[in-house]
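Note sheet for the following structure.
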Amino acid sequence: MSKILTTESGAPIADNQNSASAGEYGPLLIQDQQLIEKLARFNRERIPERVVHARGSGAYGYFEVTDEVSQYTKADFLSAVGKRTDVFLRFSTVAGALGSSDAVRDPRGFALKFYTAEGNYDLVGNNTPVFFIKDPIKFPDFIHSQKRDPYTGIQEADNVWDFWAHSPASTHQITWLFGDRGIPASYRHMNGYGSHTYQWVSETGEAFWVKYHFKTNQGVRSLDGNQSAEVLGADADSHQRDLHQAIERGVFPSWTLYVQLMPVAEAANYRFNPFDLTKVWPHADYPLVKVGRLVLNQNPDNVFAEVEQSAFSPNNFVPGIGASPDKMLQGRLFAYADAQRYRLGVNHTQLAVNAPRATKAENYGQDGLSAVGRGRAKNYEPNSYDGPAQTDSALAAPVRLDGYTGTYTTPAHTKDDDFFQAGELYRLMSAGEQERLINNIAGFLAQVSRDDVVEKNLAHFHAADETYGARLEAAVAKLRAGDEG
């Protein structure tokens, strides 16, 4: 027997093809519950899209520990070789709106939710190990410069490069973005990074600063500008289609997780600030330590419910993992969760994709939009009714602080400038990679209308590497001369 179609209140529907009317040719009736209910729901089907990372794809899978790391962290999901934990991973572009295209030059979000037995652990990163800025107070300004101009309604090269002209720390990430890896061929063919510095704490209380590296087992593949234009013209949904179809075929994408570990005591005297998001830790100083394997093997049943409504916050830690003094991370500890409270409501953590799976959330948060399942439980603590109580066991190790409150520029270490790592990255590139990098940057920078903005940006690349700057300056001058001619 087939299922009976009902209203949202559960009443059976006799006719879902015709609206109720006053006679065969008369006006429609407001008493038609099915008509009013369907139209009202349709008007409310969309929620505010993310300001950044709006366009995304996601999948479920698992993380399996392959190498012993329990000496570094007491996190239960990393406690033994062979241990598996369910995960949900959301990929995204950063600047584009929900209806934008996939194969564009833009950083990619790499947001991973581990459904651990000690609660959900969210690791929120990108496909680049660095970022454009180092202080969260500049994040709204940065994003505004990359988004649509309030007057013209389109992304303006003048805005993008004007911000970068005043943000020399962006030079390293610009070199990443306009290099060969700036347009991944698919989500499966790119690396993922935690980007920020985090803290691991062992059972004995020993603390380490840690960086995450997810290396794609499919191999890194990217698109150049011409290939990107071809893909964009043929299929705006190229990355979403590739991910979905690969998993449907049983070709499950995977990544190998490595970490870099720095003993906490070494941070203060390291040659640059290890909590600066615009810099990487050289592998020669802190080699990669293998941890495990991430596999995606299940597509969501409903993209809206499970991808669009998925919510991540780097403040979702578990015992053995904590925050670091990374300023950008500190800002995101608040901003990510707050964005989801705005988009989805204060009870978004009760949605299936966001709720814990291997344990149960026990707290005194009640009421608000879409609250469910609290019953008669008391809503205060402490109480005499066997309600949940604190553990008195800290998730992470304390961080020593000193000084006075105020706004500070982080004290410079011996090699704490904004340009040397951008220069190192340029010099690591092959001749072909360098040529494509120069052409990619020059093609965009040459669109800027103000000479002073162009000159300020060129000075940053000269500071990174004199050859880098000279080649870029010549390429921009040639393009601008052609435009003026």
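- Using the six-membered ring where Trp is involved, F214 and F110 have ring planes that are tilted, between 30° and 60° apart.
- In this structure, Y270 has its ring center closer than 6.0 angstrom to the ring center of Y286.
- Under the 3.5 Å distance criterion, with hydrogens and angles disregarded, a donor-acceptor pair is assigned to the side chains of Y426 and R471.
- Cation-pi check for K113 over F312 is met; the charged atom lies under 6.0 angstrom from the ring centroid and within 45 degrees of its normal.
- Side chains of N217 and T256: a donor-acceptor N/O pair is present below 3.5 angstrom, by distance only.
- Residues H244 and H239 place their aromatic rings such that the two centres sit no closer than 6.0 Å.
- Defined by atom type and a distance below 3.5 Å, a donor-acceptor pair is missing between the side-chain atoms of E118 and T116.
- Judged purely by distance below 3.5 Å, without hydrogens or angles, the side chains of T197 and D326 never pair a donor atom with an acceptor atom.
- For Q350 and N347, the side-chain atoms include at least one donor-acceptor pair closer than 3.5 Å.
- Relative ring orientation between H213 and Y193 is described as perpendicular, the plane-to-plane angle rising above 60° on a 0-90° scale split at 30° and 60°.
- Here the OG atom belonging to S430 is positioned 6.0 Å from the CZ atom belonging to R436, to the nearest 0.5 angstrom.
- Q240 and S57 form a side-chain donor-acceptor contact under 3.5 Å, judged by distance and modelled atom types alone.
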Atom pairs and distances, side-chain donor-acceptor, residues 127-134, under 3.5 Å, sequence neighbours left out:
{"unit_1": "N127", "atom_1": "OD1", "unit_2": "R108", "atom_2": "N", "d": "2.8"}
{"unit_1": "T128", "atom_1": "OG1", "unit_2": "V130", "atom_2": "O", "d": "2.9"}
{"unit_1": "T128", "atom_1": "OG1", "unit_2": "Q173", "atom_2": "NE2", "d": "3.2"}
{"unit_1": "K134", "atom_1": "NZ", "unit_2": "D276", "atom_2": "OD2", "d": "3.1"}
{"unit_1": "K134", "atom_1": "NZ", "unit_2": "D418", "atom_2": "OD1", "d": "3.2"}

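- The closest side-chain donor-acceptor pair between S186 and H189 falls under 3.5 angstrom.
- If you take CD1 on I441 and CH2 on W161, they are separated by 5.5 Å, rounding to the nearest 0.5 Å.
- A cation-pi arrangement, defined by a distance under 6.0 Å to the six-membered ring centre and an angle within 45 degrees of its axis, is present between K415 and F420.
- Classified by interplanar angle (parallel below 30°, tilted 30° to 60°, perpendicular above 60°), the ring pair F142/F139 is tilted.
- You'll find the side chain of W255 stays beyond 4.5 Å of the side chain of V295, heavy atoms only.
- Using modelled atom types, one finds no donor on one side chain facing an acceptor on the other under 3.5 Å when comparing R90 with H53.
- Remark: the N16 side chain and the Q34 side chain contain an N/O donor-acceptor pair separated by less than 3.5 Å.
- A cation-pi arrangement is present between K211 and W281 under the rule of less than 6.0 angstrom and at most 45 degrees off the ring axis.
- Between the side chains of S70 and E68, a donor-acceptor pair is found at a separation under 3.5 Å.
- To the nearest 0.5 Å, atom OG1 of residue T175 and atom CZ of residue R181 are 14.0 Å apart.
- In the model, Y468 has no side-chain atom that pairs as donor or acceptor with a side-chain atom of Q434 under 3.5 Å.
- Side-chain contact between E206 and Q71: absent, with no pair of heavy atoms (C-beta onward) separated by less than 4.5 Å.
- Side-chain N/O atoms of D149 and Q155 include no donor and acceptor closer than 3.5 Å.
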